[in-house]
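To keep things clear, I will list the structure first and then write my remarks on it.
These numbers were taken from a predicted model, which means no experiment stands behind them.
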Amino acid sequence: MTAIRQHEALAQAYDGITAVVTRLDDAGLQRPTRCRGWLVADLLFHVLCDAQRALVALASPAPGPADVDDVSYWRAFTPGGADEVSAKHAWWVRRSAAAFDRPSGVVQLWSDTAPAAARAAANADPDGYVTTQGHVLRIPDFLATLTTEAVIHHLDLVVNLPHAPLPAEAPTRVAVATVDGLLSDEAVRPTGWDDRDYLLKATGRVPLSDRDRLELGEAAGWFPLLG
């Protein structure tokens with residue numbers, strides 16, 4: 001995927017989340033998600049922090065070279081690792097989201113911030129570098145990490161929203177490419193999985209079935225690939 005399409009994929013990923021949350025009233029924004037302990041408004045605040053991080057990173061170019069790419073970036077986030085840190089972050093997000101007068105306040109801030117991040121991505125130098133989370137990445141790779149996270153959390157958001165739209169095709173392809181990169185070249189995803197199944201199972205949202213384990217063979221022990 002070219003640098004131009006990477007920013008388009010990010011914009012579509014963020015637009016997809018916006019399409020989910022702007023349809024919800026305050027009660028809908030308090031439905032549970034796939035992320036333990038987080039309601040829709042809480043998870044939206046977490047993704048909002050990513051959009052804010054994007055704005056900061058894209059406005060602060062860094063010298064290269066990159067030390068990670070769009071796949072190796074995720075290897076620092078070991079699934080199930082650093083539980084104490086994860087729990088502290090989860091609690092901080094819940095308290096921060098609860099500080100709004102109403103859950104819809106998070107939606108308003110998201111609706112202002114996400115398009116701004118997408119515009120900044122569109123205007124960024126595709127040959128440039130940024131620093132984020134202690135790493136240096138090429139801008140296209142940075143945008144891919146944001147897109148992957150947005151797509152996965154979009155799926156987390158809609159678990160109890162059966163009529164909500166799903167992520168668009170272009171950002172979903174970015175997330176699938178990320179997971180493909182984390183899966184060994186020697187492994188092949190089971191033929192019965194569609195992209196949504198693949199992302200949910202590769203991230204541990206949905207457990208592997210006995211048939212999945214049989215088809216994956218030794219590679220089943222590597223799951224989840226991404227936390």
Side-chain angles (χ1 to χ4, degrees), residues 1 5-55 74 89-90 92-122 143-179 193-206 224 226-227:
M1 181 170 290
R5 291 183 62 195
Q6 284 290 12
H7 76 68
E8 290 173 349
L10 178 63
Q12 289 182 31
Y14 281 178
D15 285 348
I17 291 174
T18 301
V20 172
V21 298
T22 53
R23 300 180 184 193
L24 302 177
D25 58 14
D26 283 340
L29 291 165
Q30 295 180 76
R31 292 189 183 186
T33 69
R34 279 194 176 88
C35 295
R36 184 175 60 184
W38 281 354
L39 306 177
V40 170
D42 301 328
L43 180 51
L44 180 62
F45 183 85
H46 171 72
V47 185
L48 167 65
C49 291
D50 267 345
Q52 292 175 330
R53 179 167 60 88
L55 284 170
W74 294 105
H89 175 70
W92 175 80
V93 166
R94 290 200 67 187
R95 294 178 67 187
S96 297
F100 288 79
D101 289 340
R102 297 173 57 184
S104 55
V106 184
V107 176
Q108 182 59 58
L109 187 53
W110 165 261
S111 298
D112 291 339
T113 307
R119 288 192 295 272
L143 302 184
T145 67
L146 295 168
T147 301
T148 295
E149 181 144 4
V151 168
I152 292 169
H153 284 323
H154 185 148
L155 295 175
D156 292 332
L157 282 171
V158 301
V159 64
N160 286 297
L161 302 169
H163 303 297
L166 295 174
E169 180 182 355
T172 298
R173 287 202 307 269
V174 173
V176 167
T178 297
V179 176
W193 291 4
D194 61 20
D195 287 343
R196 184 182 179 191
D197 293 329
Y198 187 30
L199 293 174
L200 292 175
K201 293 188 178 188
T203 57
R205 268 70 173 170
V206 174
L226 178 62

Will you find, in the side chains of Trp110 and Thr18, an N or O donor that is under 3.5 Å from an N or O acceptor?
->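 On atom types as modelled, these side chains qualify, holding a pair under 3.5 Å.
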Consider only side-chain N and O atoms of Asp26 and Gln30, and report whether a donor and an acceptor are under 3.5 Å apart.
->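 No.
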Are Val40 and Val20 close enough that some pair of their side-chain heavy atoms sits under 4.5 Å apart?
->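 Side chain of Val40 against side chain of Val20, heavy atoms only: no contact under 4.5 Å found.
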Non-hydrogen side-chain atoms of Val47 and Glu149 separated by less than 4.5 Å |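 Side chain of Val47 against side chain of Glu149, heavy atoms only: no contact under 4.5 Å found.
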With sequence neighbours excluded, what pairs up with His153 under the ring pair (Phe, Tyr, Trp, His ring centres under 6.0 Å) test?
->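 Result, ring pair (Phe, Tyr, Trp, His ring centres under 6.0 Å) vs His153: His46.
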side-chain contact (heavy atoms from CB on, under 4.5 Å) evaluation trace for Leu200 with Arg34 | CA-CA 10 Å; Leu200 292 175; Arg34 279 194 176 88; 3.7 Å; yes
Closest contact, heavy atoms only, [X] versus [Y]:
X	Y	answer
Leu44	Leu157	N-CD2, 4.4 Å
Leu146	Asp50	CD2-O, 3.9 Å
Leu55	Ala120	CD2-CB, 4.0 Å
Ala175	Thr148	CA-OG1, 3.6 Å
Thr33	Asp156	CB-O, 3.4 Å
Tyr14	Ala150	CE2-CB, 3.8 Å

Residues that Thr22 engages under side chain to side chain donor-acceptor pair (under 3.5 Å), provided they are two or more places apart |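 Here no residue qualifies.
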Would you please name every residue forming a side chain to side chain donor-acceptor pair (under 3.5 Å) with Thr172, sequence neighbours left out?
->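 For Thr172 there are no side chain to side chain donor-acceptor pair (under 3.5 Å) partners, ignoring immediate neighbours.
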Evaluate the side-chain contact (heavy atoms from CB on, under 4.5 Å) criterion for residues Leu29 and Val106: first the C-alpha distance (whole Å), next the side-chain angles of each, then the deciding distance (0.1 Å), finally the verdict.
-> CA-CA 9 Å; Leu29 291 165; Val106 184; over 6 Å; no
How long is the span from the [atom1] atom in [X] to the [atom2] atom in [Y], to the nearest 0.5 Å?
X	Y	atom1	atom2	result
Ile17	Gln12	CD1	CD	12.5 Å
Arg94	His89	CZ	NE2	13.0 Å
Leu199	His154	CG	NE2	12.0 Å
Leu43	Leu48	CG	CG	11.0 Å
Leu155	Arg205	CG	CZ	8.5 Å

May I ask you to decide if Ala19's main-chain N or O and Arg23's side chain share a donor-acceptor pair within less than 3.5 Å?
->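 Side chain of Arg23 to backbone of Ala19: a pair is present.
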Please test Val206 against Asp197 for side-chain contact (heavy atoms from CB on, under 4.5 Å), starting from the C-alpha separation and ending with a verdict.
-> CA-CA 8 Å; Val206 174; Asp197 293 329; over 6 Å; no
Let me see the working for Leu161 and Leu24 under side-chain contact (heavy atoms from CB on, under 4.5 Å), right down to the final yes or no.
-> CA-CA 10 Å; Leu161 302 169; Leu24 302 177; 3.9 Å; yes
